[in-house]
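Worksheet for the structure shown next.
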Amino acid sequence: MSDGVVGERRQLINVAYRLLGSLAEAEDAVQEAYARWYALPPPRRDEIASPGAWLTTVTGRICLDVLGSARARRERYVGAWLPDPLPGRAGRPHGTSGDPADQLVLDESVTMAFLVVLETMTPAERVAFVLHDVFRYPFAEVAGVLDRTPAACKQLAASARRRVRTGAPAPAGGQAETVRRVKEAWEAKDIAALVDLLDPAAVMTADGGGLAGAALHPVEGGPHIARYMAGIAEKAPGLELLERPVNGTPGLARRAGTVLTVAAFDLAADGRVARIWVIRNPEKLRVWAGDGAPSPR
């Protein structure tokens, strides 16, 4: 690939991951976009003033198709489907690393809370919102992806924005300290301490994908979640939890030689844990395989 076209890959991976919530699907979408670029006759490529814009449009259309079929596929998924969790090293400069996770920029648009809200949108809403509100593409360009008028794309983005306002939790500070206290209480199997740290209406959602043990339905209510967490600790002698950034915010990873579980958290306005997302599907944890460092103290 020419340097100019290669240089677009990072941006395309960032767009595709936010659109799809899956690293593997994002990588596949970007690879397909490049394949279509190189399938063009050279004279046609020479006519394209902005290869980056062309690749973004094609990647967006591919992602739109994937989103359109995702609902049916996720209905067949065992248990809840959650976005792929990103380790803290994602987004750091890694030169020419081919790992898509290393190309990702971690910001508020990849937190687990934000990605879960994106999952509630229609495919067209998600594409319009991510391209315009997150990446600042003008509606004229978004219209080329969605094959709709700029005015229609503007309406889609506005509808998506309302979903974000309704579904996104209020920001709360002190997450690192709260997660540290959850870690200590979880390791100690201290149900009372966990109940104090959890919002009474907290919800825990787990994703095992049928490949790892996980609750098939959300666990609701602080006391129920606390007992569930303590039960997990009872079944895992020597439970080792690491404080690790998950999608750019403080989270936990459970390790037994390799990372088996990643937990992302979101806090209520009073600082207690309102949502816990637990990813155990090993296919979604491959990017965490290199995390062998001891837990920070």
Side-chain angles (χ1 to χ4, degrees), residues 8-23 25-30 32-33 36 48-75 81-86 90-91 100 103-172 247-249 264 266 274-275 277:
E8 300 295 334
R9 185 174 184 271
R10 180 182 177 91
Q11 173 78 349
L12 297 174
I13 287 288
N14 275 276
V15 169
Y17 173 73
R18 287 160 176 81
L19 287 176
L20 300 174
S22 163
L23 276 172
E25 289 180 349
E27 175 73 352
D28 287 347
V30 172
E32 174 62 20
R36 294 185 189 182
I48 296 173
S50 173
W54 189 95
L55 285 164
T56 299
T57 297
V58 172
T59 300
R61 288 174 178 167
I62 293 167
C63 290
L64 185 65
D65 289 341
V66 173
L67 288 170
S69 63
R71 187 162 296 176
R73 286 186 288 110
R74 289 173 191 172
E75 285 176 356
W81 186 95
L82 292 173
D84 290 5
L86 301 175
Q103 307 295 317
L104 287 159
V105 175
L106 301 183
D107 59 23
E108 64 278 0
S109 68
V110 295
T111 66
M112 192 61 65
F114 191 79
L115 292 175
V116 167
V117 173
L118 292 181
E119 285 293 315
T120 69
M121 299 177 183
T122 68
E125 285 175 341
R126 186 167 183 168
V127 170
F129 177 80
V130 168
L131 289 181
H132 180 267
D133 284 45
V134 176
F135 289 98
R136 303 301 176 189
Y137 287 100
F139 283 120
E141 292 185 23
V142 178
V145 176
L146 293 175
D147 196 23
R148 305 191 188 199
T149 65
C153 294
K154 188 174 183 178
Q155 290 180 339
L156 286 167
S159 175
R161 225 169 281 130
R162 287 192 292 271
R163 293 181 189 262
V164 171
R165 285 196 296 267
T166 301
N247 288 59
T249 61
D266 202 73
R275 294 295 305 265
W277 297 281

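No hydrogens, no waters, no symmetry mates; every other heavy atom, side chains included, goes into these values.
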Could you pull out all residues at least two apart from [X] that satisfy salt bridge (charged side-chain N to carboxylate O under 4.0 Å, His left out)?
| X | answer |
| --- | --- |
| Glu119 | Arg74, Arg126 |
| Asp107 | Arg18 |
| Arg73 | Glu25 |

(request) Provide the full list of ring-ring contact (aromatic ring centres under 6.0 Å, His included) pairs with a residue in residues 53-73, sequence neighbours left out, each pair given once. (result)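 Matches after skipping sequence neighbours: Trp37-Trp54.
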Return the minimal non-hydrogen interatomic distance between [X] and [Y], and the atom names on each side.
| X | Y | answer |
| --- | --- | --- |
| Thr59 | Ala33 | OG1-CB, 3.3 Å |
| Ala143 | Pro150 | CB-N, 3.8 Å |
| Arg61 | Gly144 | NH2-O, 2.6 Å |
| Ala29 | Leu20 | CB-CD1, 4.4 Å |
| Leu19 | Gly60 | CD1-CA, 4.4 Å |
| Ala157 | Ala128 | N-CB, 4.0 Å |

Partner residues of [X] under the side chain to side chain donor-acceptor pair (under 3.5 Å) criterion, sequence neighbours left out:
| X | result |
| --- | --- |
| Asn247 | Tyr17 |
| Asp133 | Arg161 |
| Glu32 | Arg36 |
| Ser22 | none |

Are [X] and [Y] side-chain neighbours, meaning at least one heavy-atom pair lies under 4.5 Å?
| X | Y | answer |
| --- | --- | --- |
| Val30 | Glu8 | no |
| Val117 | Thr120 | yes |
| Leu146 | Val127 | yes |

Residues which pass side-chain contact (heavy atoms from CB on, under 4.5 Å) with [X], listed by chain and number, not counting sequence neighbours:
| X | answer |
| --- | --- |
| Ser50 | Ala53 |
| Thr111 | Ala113, Phe114, Thr249 |
| Ala264 | Met112, Val246, Trp277 |

Enter the distance from [X]:[atom1] to [Y]:[atom2] here, rounded to the nearest 0.5 Å.
| X | Y | atom1 | atom2 | answer |
| --- | --- | --- | --- | --- |
| Leu131 | Thr57 | CG | OG1 | 8.5 Å |
| Ile62 | Asp28 | CD1 | CG | 10.0 Å |
| Leu115 | Leu86 | CG | CG | 7.5 Å |
| Ile13 | Glu27 | CD1 | CD | 4.5 Å |
| Asp84 | Leu23 | CG | CG | 5.0 Å |
| Met121 | Leu67 | CE | CG | 11.5 Å |

(message) According to ring pair (Phe, Tyr, Trp, His ring centres under 6.0 Å), who are the partners of Phe139, at least two apart in sequence or on a separate chain?
(response)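 For Phe139, the residues satisfying ring pair (Phe, Tyr, Trp, His ring centres under 6.0 Å) (neighbours in sequence not counted) are His132.
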(message) Within a 6.0 Å radius of atom CG on Asp65, are there more than 12 heavy atoms belonging to other residues, nucleotides or ligands?
(response) yes
(message) Apply side chain to side chain contact (heavy atoms under 4.5 Å, CB included) to residues Phe129 and Leu156 and explain how you reach the verdict.
(response) CA-CA 7 Å; Phe129 177 80; Leu156 286 167; over 6 Å; no
